[in-house]
Amino acid sequence: MDIGIDGRIDQGATVNAGAVQNDMLRSARFRVEREAHWRQLDDLVKRAEQGGAAALGYDEVRNLASGYRQAMNSLSVARDISLDRALIAYLESLCARAYLVVYAPQESLGGLITRLLTQGIPQAVRRSALPLFIGFLALILGALAGYRLYENDPSWFYTFVPPEMADQRTPDASGDYLRSTIYGDEGQHDSDRLAAFSAFLFSHNTSIVVLIFTLGVFVSVPSFVLTFYNGLILGAFFAMFARKGLGYDVFAWLSIHGVTELAAIAIACAGGARLGLAVLLPGARTRKEELRHQAHDAVKLAILAALMLVVAAFIEGFLRQLIQDPTLRLVIGWGMGLFWIGWLLLGGRESKASREAAR
């Protein structure tokens, strides 16, 4: 009770104090009537947060869903009748957590990776026919151009192939020396040196793939040019060995890792092409919207290219050094190619029964 300056009782303050006390009583009564349901919901949410929804039984999942609806109803009522802020804040937090448990995807990191590998990447590849055509076309045209130019004038080799990549394997080298680089004593390397070599190859190839992919946003032209240039190196390199009578040997030497590695470069170019085509041909969407839409599949292609480079680095750093038989090199290289084709063409396809069920 407040008393004014003239000694009289402040009736307004008395009324306000009574209103506050009445609100507190209503909040307490509201909490008592519903608190048991909130506590049950909070317990279910905690368990689901720790072990996922799969940790709950059928009845518990049903109680979770009904408890979430009751909590949302309580929150709505609490806001309408202006109950105390602490209670409203508690209900908002509880409902937000319950919403994530009930509606958010309940999938572990392992589940996301599995779904990406079994569905996301293969489906993205099958939706990228034109970009993949662009990527492989750039590589094949570059290889053919490099081969023909070398055949006409071997000095083109020095234009296309960087000195650090050639490593004394030049048109002036003898056939015996070139043969020794294909076979030689590479199988005698110790495991530490092979591991270091594999890591170097992966780092080097990854930098090329990342550059090809990221530059694709500039209307695909830089990605196409870089992939074409890699083809030029490949064609000139192959032509040099072929002229020395080592065509089959170098083809096997390149195949064991090149089938995977070169396909990764072409796929990275395809990912960049998807971004470039979104800028060049946005269709009914704005360029920003189309770029965001195409980025989903483009990123999956980039992930695929990175995965293939990991495999290629292992093969090039270990298997190519340890396996000297050209036939076995061909079997491994093109066998990996068949594996990639089978996975990407067949992975993530719905069965006929699943399609009927979806209808």
Side-chain angles (χ1 to χ4, degrees), residues 121-122 124-126 128-147 160-162 164-166 197-239 250-277 294 297-317 319-320 329 332-341 343-345:
I121 289 177
V125 168
R126 293 196 293 272
S128 305
L130 177 59
L132 286 169
F133 174 77
I134 293 173
F136 281 95
L137 179 66
L139 188 65
I140 293 171
L141 289 179
L144 292 175
Y147 183 87
F160 301 146
V161 183
E164 62 273 11
M165 184 177 291
F197 183 49
S198 178
F200 165 76
L201 291 171
F202 175 70
S203 175
H204 175 265
N205 293 334
T206 300
S207 63
I208 294 175
V209 164
V210 169
L211 189 62
I212 289 174
F213 174 75
T214 53
L215 290 178
V217 73
F218 298 105
V219 203
S220 303
V221 175
S223 292
F224 187 93
V225 171
L226 279 174
T227 307
F228 182 85
Y229 173 67
N230 276 272
L232 285 173
I233 296 174
L234 174 66
F237 203 78
F238 178 81
V250 76
F251 181 72
W253 184 77
L254 289 169
S255 293
I256 189 171
H257 71 281
V259 171
T260 297
E261 182 181 310
L262 296 173
I265 292 174
I267 289 171
C269 180
R274 289 208 70 141
L275 300 178
L277 291 173
Q294 295 294 340
D297 282 349
V299 169
K300 291 173 184 174
L301 293 179
I303 293 173
L304 171 62
L307 175 63
M308 295 176 75
L309 285 181
V310 172
V311 177
F314 172 79
I315 294 175
E316 187 174 5
L319 297 184
R320 193 190 69 181
R329 284 175 169 176
I332 293 174
W334 291 99
M336 286 302 304
L338 290 176
F339 165 76
W340 297 120
I341 292 173
W343 169 40
L344 297 174
L345 288 182

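Numbering of residues begins at 1 and proceeds along the displayed sequence.
- Residues Leu277 and Pro131 meet the side-chain proximity criterion, which asks for heavy atoms closer than 4.5 Å.
- For the atom pair Met308 CE and Leu262 CG, the distance stands at 9.5 Å (nearest 0.5 Å).
- Atom-to-atom distance recorded for Asp297:CG and Gln294:CD is 7.0 Å, nearest 0.5 angstrom.
- To the nearest 0.5 angstrom, Leu139 atom CG is 9.0 Å from Cys269 atom SG.
- Applying the side chain to side chain donor-acceptor pair (under 3.5 Å) rule to pairs touching residues 299-310 yields nothing, sequence neighbours excluded.
- Between the CD1 atom of Ile315 and the CZ atom of Arg329 there is a distance of 12.5 Å, given to the nearest 0.5 Å.
- For Tyr147, there are no ring-ring contact (aromatic ring centres under 6.0 Å, His included) partners at least two apart in sequence or on another chain.
- For Leu137, the side-chain contact (heavy atoms from CB on, under 4.5 Å) partners two or more places apart in sequence, or in a different chain, are Phe133, Leu141.
- Sequence neighbours left out, the pairs with a member in residues 254-273 that pass side chain to side chain donor-acceptor pair (under 3.5 Å) are Asn205-Glu261, Ser255-Trp334, Thr260-Trp340.
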Exercise. Step by step, would you call Met336 with Val259 a side-chain contact (heavy atoms from CB on, under 4.5 Å)?
Worked result: CA-CA 7 Å; Met336 286 302 304; Val259 171; 5.6 Å; no

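- Note: Leu144 CG to Ile140 CD1 = 7.5 Å, rounded to the nearest 0.5 Å.
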Under 3.5 Å, sequence neighbours excluded: what are the donor-acceptor pairs made by side chains of residues 225-235?
from: Thr227; atom 1: OG1; to: Ser223; atom 2: O; distance (Å): 2.8
from: Tyr229; atom 1: OH; to: Phe160; atom 2: O; distance (Å): 2.7
from: Asn230; atom 1: ND2; to: Leu226; atom 2: O; distance (Å): 2.9

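- Leu307 meets the side-chain contact (heavy atoms from CB on, under 4.5 Å) test with Leu117, Trp343; sequence neighbours excluded.
- Annotation: side chain of Trp253 is in contact with side chain of Val250 (closest heavy-atom distance under 4.5 Å).
- Among residues two or more places apart in sequence or in another chain, the side-chain contact (heavy atoms from CB on, under 4.5 Å) test is passed with Ala305 by Val209, Ala264, Ile267, Ala268.
- With rounding to the nearest 0.5 angstrom, the CG atom of Leu275 is 11.0 Å from the CZ atom of Phe218.
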For this session: Report the C-alpha separation of Phe213 and Leu301 in whole Å, then their side-chain angles, then the decisive distance to 0.1 Å, and conclude whether the side-chain contact (heavy atoms from CB on, under 4.5 Å) test is met.
Result: CA-CA 9 Å; Phe213 174 75; Leu301 293 179; 5.7 Å; no

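- In terms of modelled atom types and a separation under 3.5 Å, the side chain of Arg320 and the main chain of Ile256 share no donor-acceptor contact.
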